[in-house]
Amino acid sequence: MRPEADVLAGNALGQLAFSRPPYGSSAPFRAESPAHVLLVDDEPRILSSLGELLKGRGFVLTSAANGIEAIQYLSQAPFDLVILDLRLPDMSGHDIMDFMNTRQTGANMIVTSGDREIEAAIGALKRGAYDYLRKPYSPEELLKTIDNALKQRRLQAENQHIAGQLESSEKKYRYLVDSSPDIIYTLDHEGRFTFINDRVTQLLSFSHDELMGEHYSALVHEDDLKRADYVFNEGRGDYRRSRNVELRLKSRHADGEPRTFIHELMRIPLNADETSPLRDPSQREQFGIYGVARDISERKRADELIAHQAYHDILTDLPNRVMFKDRLGMAILQAKRNNVDLALMFIDLDRFKLVNDTLGHGIGDELLQQTAARLKACLRRGDTLARLGGDEFTAILPELNDRQDAVVIAKKFLECLQPTFQLAGQSVHISASIGIAIYPTDGESIDELIKNSDIAMYHMKAEGKNGYSFFDRSMLDASYQKIALEHSLRVALELGQLEMYYQPQVDVKTRKIVGAEALMRWNHPERGFLGAGEFLPFAEENGLIIPISDWMLEAICLDLREWNSVGGEAVRLSLNLSPQYLDRGDFFEKLRNALVRHHIEPSQIEVEVTENVCIHNPQTAIEQLDKLCQLGVSVAIDDFGTGYSSLSYLHRFPIHTIKIDRSFVMEIQDDGSQFPVVLAIISIAKGLGLNLVAEGIETLVQERYLENAGCKTMQGYFYHEPLSQKRLLELLRDQANLQ
């Protein structure tokens with residue numbers, strides 16, 4: 001065996017994987033794909049044993065029983081390794097090796113033979129065989145030889161790769177030296193070109209020949225000549241001194257614009273060296289300039305663009321937040337100095353999110369650009385319009401005579417937005433809510449004016465949008481109240497100030513409690529009990545609805561477990577779900593885990609959703625509600641009939657119960673009259689086989705009318721007001737004892 005085998009021994013054979021070289025090439029391969037191995041032997045038993053030995057070791061194996069087959073395979077596809085028997089019935093293994101060398105297949109060869117004569121081995125090795133194994137050989141010896149042969153190929157591949165990199169690097173170096181991207185030149189002591197490379201032609205369209213012998217002033221832009229004269233002629237006594245200078249050079253390109261270059265200059269002696277016999281001692285030493293000029297025109301333009309973008313909004317090209325604050329600060333100083341007022345407007349587009357979400361962000365961006373153009377056209381000279389981000393704009397109106405000046409601009413803003421926006425074939429209508437703060441009445445600092453104009457804008461949104469509102473101190477109080485309410489609600493969740501109440505649902509015939517609707521209450525330390533309507537909308541606005549709903553799930557399961565402990569028939573519990581909570585993908589898992597943990601049957605739970613849930617994200621809602629139904633939880637539509645597409649959703653959504661909204665029930669004042677909406681809802685429920693619950697029953701007349709119309713389950717103050725857990729448990733015990 002060759003001595004290199006000991007050096008190359010290493011990884012297990014089955015872990016090797018190499019990519020194949022192109023056919024007819026000795027190019028190396030990389031360790032990525034399985035090695036392709038050709039087995040050539042006329043003895044079927046040996047071929048079979050070789051296949052078994054190598055199977056499962058990361059090779060792609062091909063077998064040939066004679067020389068003709070081997071040559072056919074070698075002609076059709078490349079191989080990484082050939083294990084070749086010298087004695088074949090139709091030709092010698094040496095012939096096959098000669099064929100491989102002639103065709104330059106590039107495969108390594110391991111020759112096996114039972115021939116004891118040394119000439120066979122010598123002939124194989126002369127033809128490039130990696131190794132020669134005499135039969136019989138041990139499997140370990142063959143595997144090691146294969147391992148070493150493939151490792152040799154890998155090393156050859158790496159060496160060729162390194163050699164290729166070195167060759168490429170050398171070519172790059174030569175290319176960079178031969179074709180510098182910079183203009184390289186020398187000037188004599190009079191400032192005339194003694195050398196300049198051809199790069200000057202590509203960059204400035206001056207030829208090498210027309211500049212040779214010319215003064216540098218022929219190339220330097222007129223406005224930079226004084227600086228060039230100073231730089232090229234300074235420091236004559238110190239030829240070692242070098243420096244950088246920025247100069248513009250003339251250009252003969254089509255645009256004719258001068259280009260800016262950084263010149264790295266070094267003063268060089270032009271006379272012969274002092275020790276040279278050619279030097280004339282009487283001649284004064286003279287110096288010239290060696291210069292490298294690098295074109296920085298694009299960089300200068302990029303710097304200018306970056307500087308512009310640092311202070312301008314990229315989409316609308318309006319001043320951004322940074323420039324806006326800078327200009328507002330300047331306007332405040334000017335107003336203070338001149339003892340005049342200024343106005344700050346905070347402008348927020350109404351319905352922009354709907355347009356953006358419906359038509360896409362591309363259309364939304366175009367809408368912002370057109371809006372910016374319209375608003376900007378309404379300003380006076382000296383006013384500033386800026387975009388803070390999203391659909392929020394601000395306008396600085398300095399030197400006001402009175403508030404009416406701000407009103408005029410605000411009205412112009414609202415009027416300019418009234419015409420239809422045409423965007424990609426779509427007609428779009430938007431409006432704006434504008435908040436106005438006046439300096440110094442509404443604030444003397446930048447932050448105060450921004451905050452108070454923002455508060456005024458939100459006040460306008462709450463008042464119905466599409467208008468303007470001046471800041472008033474009462475708005476600040478309301479904002480503080482909202483902040484205080486948010487803090488108090490977070491504290492209430494932590495301190496257990498929330499409590500579940502339940503309004504029973506009654507079977508009108510038996511007067512038994514068959515269900516109850518869960519209603520949340522806040523036991524506020526100062527304001528007493530607050531209904532859900534007083535704080536849950538605020539919780540949805542401020543991201544608190546998720547933790548509050550998590551708390552509710554746990555609370556109702558604990559209470560329901562107590563209901564079940566009193567005995568009697570199981571009572572169904574209905575709970576209202578926020579659309580935000582239903583949208584969360586983990587709601588189903590939270591509910592299922594809570595029911596399992598507290599040993600509650602899913603059939604005891606009814607989830608109430610409003611039509612807004614269906615409208616908001618119908619596909620997500622259908623998926624979530626289907627999962628609930630599969631679990632065994634029923635679904636009710638609350639406030640049925642108050643939306644605009646109720647009937648279509650009854651077919652699409654897995655609904656079990658319809659709840660008649662109390663707004664329809666309150667109209668029933670005379671059981672002799674007809675109330676077609678109520679009758680229609682009851683008819684729909686019957687036709688679809690759905691359960692029916694009427695809410696807000698307060699009189700006997702209402703109960704009698706609904707019962708006669710076919711409604712059997714009702715809730716309202718006529719039966720029970722919302723009850724605490726303790727009081728409801730007492731009623732359920734009494735009911736169980738009577739059964």
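No hydrogens, no waters, no symmetry mates; every other heavy atom, side chains included, goes into these values.
Asn108 places no side-chain N or O within donor-acceptor distance of the main-chain N or O of Ala129, the cut-off being under 3.5 Å. When atom types are taken as modelled, the side chain of Asp326 and the backbone of Val322 share no donor-acceptor pair closer than 3.5 angstrom. Side-chain atoms of Asp341 never come within 3.5 Å of backbone atoms of Pro398 as a donor-acceptor pair (strictly under, hydrogens ignored). Under the 3.5 Å distance criterion, the side-chain polar atoms of His459 are left unmatched by any main-chain donor or acceptor of Phe471. Within the 3.5 Å criterion, the main-chain N or O of Ser217 finds a donor-acceptor partner in the side chain of His215. Distance alone, capped at 3.5 Å, places no donor-acceptor pair between the Asp182 side chain and the Ile184 backbone. Side-chain atoms of Glu448 come within 3.5 Å of backbone N or O of Glu444 as a donor-acceptor pair. In terms of modelled atom types and a separation under 3.5 Å, the side chain of Arg387 and the main chain of Gly390 share a donor-acceptor contact. Checking side-chain atoms of Thr441 against main-chain N and O of Ile438 turns up no donor-acceptor pair under 3.5 Å. With hydrogens and angles ignored, the 3.5 Å screen pairs a side-chain donor or acceptor of Thr102 with a backbone N or O of Asp98.
Taken to the nearest 0.5 Å, the CG atom of Asp391 stands 5.5 Å off from the CZ atom of Phe352. In this structure, the separation between CG on Asp442 and CD1 on Ile436 is 10.0 Å, given to the nearest 0.5 Å. Rounding to the nearest 0.5 Å gives a distance of 10.5 Å between CZ of Arg327 and CG of Leu385. Taking CG of Asn233 as the reference point, atom NE2 of His189 lies at 11.0 Å (rounded to 0.5 Å). Note that NZ of Lys325 and OG1 of Thr394 are 10.5 Å apart. Values are rounded to the nearest 0.5 Å. Rounding to the nearest 0.5 angstrom, the gap separating the CG atom in Leu344 from the CG atom in Leu342 is 7.5 Å.
Between the side chains of Arg337 and Gln334, at least one donor N or O lies within less than 3.5 Å of an accepting N or O. For the residue pair Ser427 / Thr420, no side-chain donor-acceptor distance below 3.5 Å is found, with atom types taken as modelled.
Annotation for Met212: atom CE counts as buried by contact number, over 12 foreign heavy atoms lying within 6.0 Å. The 12-atom threshold is not exceeded at OH of Tyr311, counting heavy atoms of other residues, nucleotides or ligands nearer than 6.0 Å. Counting heavy atoms of neighbouring residues, nucleotides and ligands inside a 6.0 Å radius, atom CZ of Arg374 exceeds 12 of them. Other residues, nucleotides and ligands contribute only 12 or fewer heavy atoms inside 6.0 Å of the CG atom of Asn339. Heavy atoms from other residues, nucleotides or ligands lying under 6.0 Å from CZ of Arg199 number more than 12.
Phe59 is not listed as a side-chain neighbour of His36, based on a closest heavy-atom distance of 4.5 Å or more. Proximity of Tyr185 to Thr194: side-chain heavy atoms (C-beta onward) are nowhere separated by under 4.5 Å.
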Checking side-chain hydrogen bond (donor to acceptor under 3.5 Å, both in side chains) for the pair Asn244/His263: CA distance, chi angles, key distance, verdict? CA-CA 5 Å; Asn244 291 340; His263 298 252; over 6 Å; no
Begin with the C-alpha distance, continue with both residues' side-chain angles, and end with the deciding distance and a verdict on side chain to side chain contact (heavy atoms under 4.5 Å, CB included) for Leu81 and Leu38. CA-CA 6 Å; Leu81 180 65; Leu38 176 63; over 6 Å; no
What's the verdict on side-chain hydrogen bond (donor to acceptor under 3.5 Å, both in side chains) for Ser207 and Thr201, showing C-alpha distance, side-chain angles and the deciding distance? CA-CA 5 Å; Ser207 70; Thr201 304; 5.9 Å; no
Which is it for Thr260 and Glu246 under the side-chain hydrogen bond (donor to acceptor under 3.5 Å, both in side chains) test, yes or no, and what are the steps along the way? CA-CA 7 Å; Thr260 305; Glu246 184 178 307; 5.2 Å; no
How far apart are the C-alpha atoms of Lys412 and Val408, what are their side-chain angles, what is the distance that settles it, and do they pass the side chain to side chain contact (heavy atoms under 4.5 Å, CB included) test? CA-CA 6 Å; Lys412 284 184 177 180; Val408 170; 4.1 Å; yes
With side chain to side chain contact (heavy atoms under 4.5 Å, CB included) as the criterion, how do Asp224 and Arg227 come out once you've worked through the C-alpha distance, each side chain's angles and the decisive distance to 0.1 Å? CA-CA 5 Å; Asp224 288 353; Arg227 186 166 19 158; 3.4 Å; yes
From CA spacing to verdict: side chain to side chain contact (heavy atoms under 4.5 Å, CB included), Ile332, Leu449: CA-CA 10 Å; Ile332 289 174; Leu449 288 172; 3.8 Å; yes
Under the side-chain hydrogen bond (donor to acceptor under 3.5 Å, both in side chains) criterion, do Asp348 and Ser433 qualify, and how do the steps go? CA-CA 5 Å; Asp348 187 272; Ser433 297; 5.9 Å; no
Could you check Asp447 against Lys451 for salt bridge (charged side-chain N to carboxylate O under 4.0 Å, His left out), going step by step and ending with a plain yes or no? CA-CA 6 Å; Asp447 291 338; Lys451 179 190 70 176; over 6 Å; no
Please test Glu222 against Lys250 for salt bridge (charged side-chain N to carboxylate O under 4.0 Å, His left out), starting from the C-alpha separation and ending with a verdict. CA-CA 9 Å; Glu222 292 81 359; Lys250 299 174 184 176; 3.5 Å; yes
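The distance between the ring centers of Phe232 and Tyr216 falls below 6.0 angstrom.
Under the 30°/60° scheme for interplanar angles, the aromatic rings of His308 and His312 are found to lie parallel.
Geometrically, Arg403 engages Phe470 in a cation-pi contact, judged by NZ or CZ lying under 6.0 Å from the ring centre and within 45° of the ring axis.
Ion pairing of Arg380 with Asp383 is present here, as a side-chain N (NZ or NE/NH1/NH2) and a carboxylate O approach within less than 4.0 Å.
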